[in-house]
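Worksheet for the structure shown next.
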Amino acid sequence: MTTDRICAFYSSGPHYVRMLRCLRENCPDATLVAAIPASFPFDAIDDLVDETVRLPDRKASRDLRGGYFALRSIRQAQCTQIVVMFDSPRLNLLSALSGTRDRHCFTVDGRFYRLNKKTAVLVASTTLRRLRGQWNFLCAWWGTRKS
Amino acid sequence: MRISLVDLLFSWPPNGGADVDLYNVATGLTQAGHDVQVVVVNDPESWERGAIHNSQFSFSLLGISGLGRDFHRKRLPRRIREAVDMWHPDVVFLGDGFLMKPYVGLALADYPLVVRYYAYEMACLRDAFHHKDGATCPNHYLKTPGVCRACALEHLGPDIKSGRPHAWAQEYLAAHAYAPGYRQIVEDYLARVSSAVVYNTTMKEHLAHHCREVHVVPGGVDSQHFTFEAPLQKAPKDTKRILMTGRASDPMKGLDVLLEAGERLYQQRRDFKIHVTVPEETALPHFALAVGWKSHKALVDYYRQADVCVVPSRWEEPFGLVALEAMATGRPVCASRVGGLQDIVLHQETGFLFDSGDSAELAKQLDVLLDNPNLRQRMGIAAHQRVYAEYRWPHIVERHYLPILESAIATHGGVHTP
């Protein structure tokens with residue numbers, strides 16, 4: 001990983017501080033930008049990061065408006081790389097739309113790897129998955145209504 | 001005996017206590033001289049199901065992969081049945097799984113069949129906790145199926161709509177657990193199993209009217225890893241360490257109770273620090289410290305550096321492995337009087353029990369223990385001895401599992417011939 005402006009995107013999980021430490025250690029000259037929810041206790045990471053981007057709290061950031069706001073804030077930070085904590089479709093898509101050159105995932109067991117799915121593929125697969133989810137929910141809703 | 005252990009969720013390294021439990025049962029049965037095959041379901045898209053990395057086992061392991069559309073209430077049991085038939089077992093042990101378990105059990109029911117329940121999945125359609133709005137749920141799927149079906153749909157809706165459901169919702173959809181007919185499937189399955197194995201008496205009550213035999217069998221502890229070490233001698237004014245381990249971020253685990261007790265204690269004394277295994281960024285009061293999540297390997301040192309361990313669970317903890325681990329290293333445990341914890345911790349012998357949520361009582365108990373190093377040591381030694389006598393895996397397998405499996409074969413009319 002080259003050293004420049006790295007956005008460390010927070011998700012609820014046990015390894016955020018570990019990820020920041022690891023980034024700090026591997027990229028000592030990089031500007032580390034923590035993208036964290038408004039309620040996140042900044043004291044815990046004060047000595048590890050250079051800048052912060054405050055995001056809507058977790059619940060709010062899951063809807064479309066919150067997601068848009070989060071994405072806009074990250075893009076405004078003009079990072080060259082983004083690191084997320086899970087290789088989920090949602091975070092893949094967010095990182096793909098973040099305007100960064102490189103995207104990485106930092107796993108719970110402490111490994112970095114590159115995320116390289118194309119944005120168009122991510123958008124298409126996310127849309128299809130959502131449609132399938134809505135259909136499954138409709139089936140379950142109908143099944144539950146039957147007595 | 002030839003024994004097939006079937007598990008719909010087994011992963012290694014483990015994702016939770018059920019994986020550790022199944023691994024130790026399979027290893028213990030192998031070490032006792034039996035032929036053991038573990039059949040697991042692999043789902044490459046899920047970290048929750050069959051993710052097995054760089055592992056070598058003493059038992060034979062068969063992964064059923066390439067499921068895709070075969071993760072279905074008819075096709076999955078059929079594939080598991082084919083895998084089990086190839087092994088020709090004398091008895092089948094059905095381990096972890098959620099709402100697909102009844103279908104798999106029915107597919108295997110002409111074998112002597114022993115099923116293990118690791119939590120309350122028999123009582124609830126929405127999750128394995130049977131816990132709602134901060135208390136034990138008053139409903140039970142087998143008694144109030146209509147209420148439970150509506151509750152499950154409301155709870156699981158967002159996960160289902162995401163199109164990438166977690167393991168529970170995946171099984172809910174595949175099993176058509178939302179349909180009225182699912183309840184009869186569960187009843188038929190429970191009636192056909194030879195015996196069910198549970199962790200505590202509350203769980204036994206849930207199944208008592210539906211199964212022929214229900215056995216309460218505790219989990220065990222790796223007594224070679226969690227070994228006894230005498231606590232450090234501390235002067236009265238030295239800072240004592242109170243430790244809470246496990247998934248402490250989960251509200252059901254009762255961290256709020258421990259912090260309330262800490263607040264009370266802090267008004268009387270300053271010679272303690274509460275260490276909690278929550279992510280390091282978690283905001284805690286000044287008398288507490290978030291130490292991050294610890295690996296299985298690192299955890300043993302944390303227990304050894306502690307003076308007292310606390311398990312303040314708010315829900316009916318099925319077993320309570322963390323209490324057992326602390327006891328194995330020779331530390332007294334203060335635990336809620338819930339589920340399996342009340343069977344593990346002997347009140348005033350190996351620690352103290354307090355009513356769930358009663359932070360005042362917990363504060364009193366901690367006060368007594370912090371004041372008295374001899375009591376801490378005495379209880380720690382008693383705790384270790386109890387674990388050594390009752391909860392070592394070879395002992396659990398020999399004393400509980402082997403008789404249950406042998407009895408299942410005997411009552412089934414002998415060895416199965418496919």
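Below, chain A is the first sequence line, B the second, and so on; all start at residue 1. In this text the structure is predicted, and so the values were computed from the model without any measurement.
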With chain B as the partner, which of A:Y16, A:F40, A:F42 has the greatest number of non-hydrogen pairs under 4.5 Å?
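Of the options given, most contacts go to A:F40.
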Hey, would you say the B:Y120 and B:H131 ring centroids sit under 6.0 Å apart?
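Ring centroids of B:Y120 and B:H131 are no less than 6.0 Å from each other.
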Which residue out of B:S162, B:A179, B:S249 racks up the most heavy-atom pairs below 4.5 Å with chain A?
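With the most close heavy-atom pairs to chain A, the winner is B:S162.
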Can you tell me if A:K117 has over 12 outside heavy atoms packed within less than 6.0 Å of its NZ?
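Counting other residues, nucleotides and ligands, NZ of A:K117 stays at 12 neighbours or fewer.
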Please say whether more than 12 non-hydrogen atoms of neighbouring residues, nucleotides or ligands are located less than 6.0 Å from CD in A:Q134.
yes
Counting only heavy atoms closer than 4.5 Å, note whether B:L153 contacts chain A via side chain, backbone, both or neither.
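Both backbone and side chain of B:L153 come within 4.5 Å of chain A.
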Turns out that what part of B:Y182 lies under 4.5 Å from chain A's heavy atoms comes down to neither
Are A:E25 and A:R21 close enough for a salt bridge, meaning some N to O gap below 4.0 Å?
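No, this pair does not count.
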Tell me, for A:S88 versus chain B, whether the close heavy atoms (under 4.5 Å) come from the side chain, the backbone, both or neither.
both
Counting only heavy atoms closer than 4.5 Å, note whether A:W141 contacts chain B via side chain, backbone, both or neither.
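For A:W141, the contact with chain B is made by backbone and side chain together.
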So do A:C7 and A:V53 actually touch side chain to side chain, heavy atoms under 4.5 Å?
no
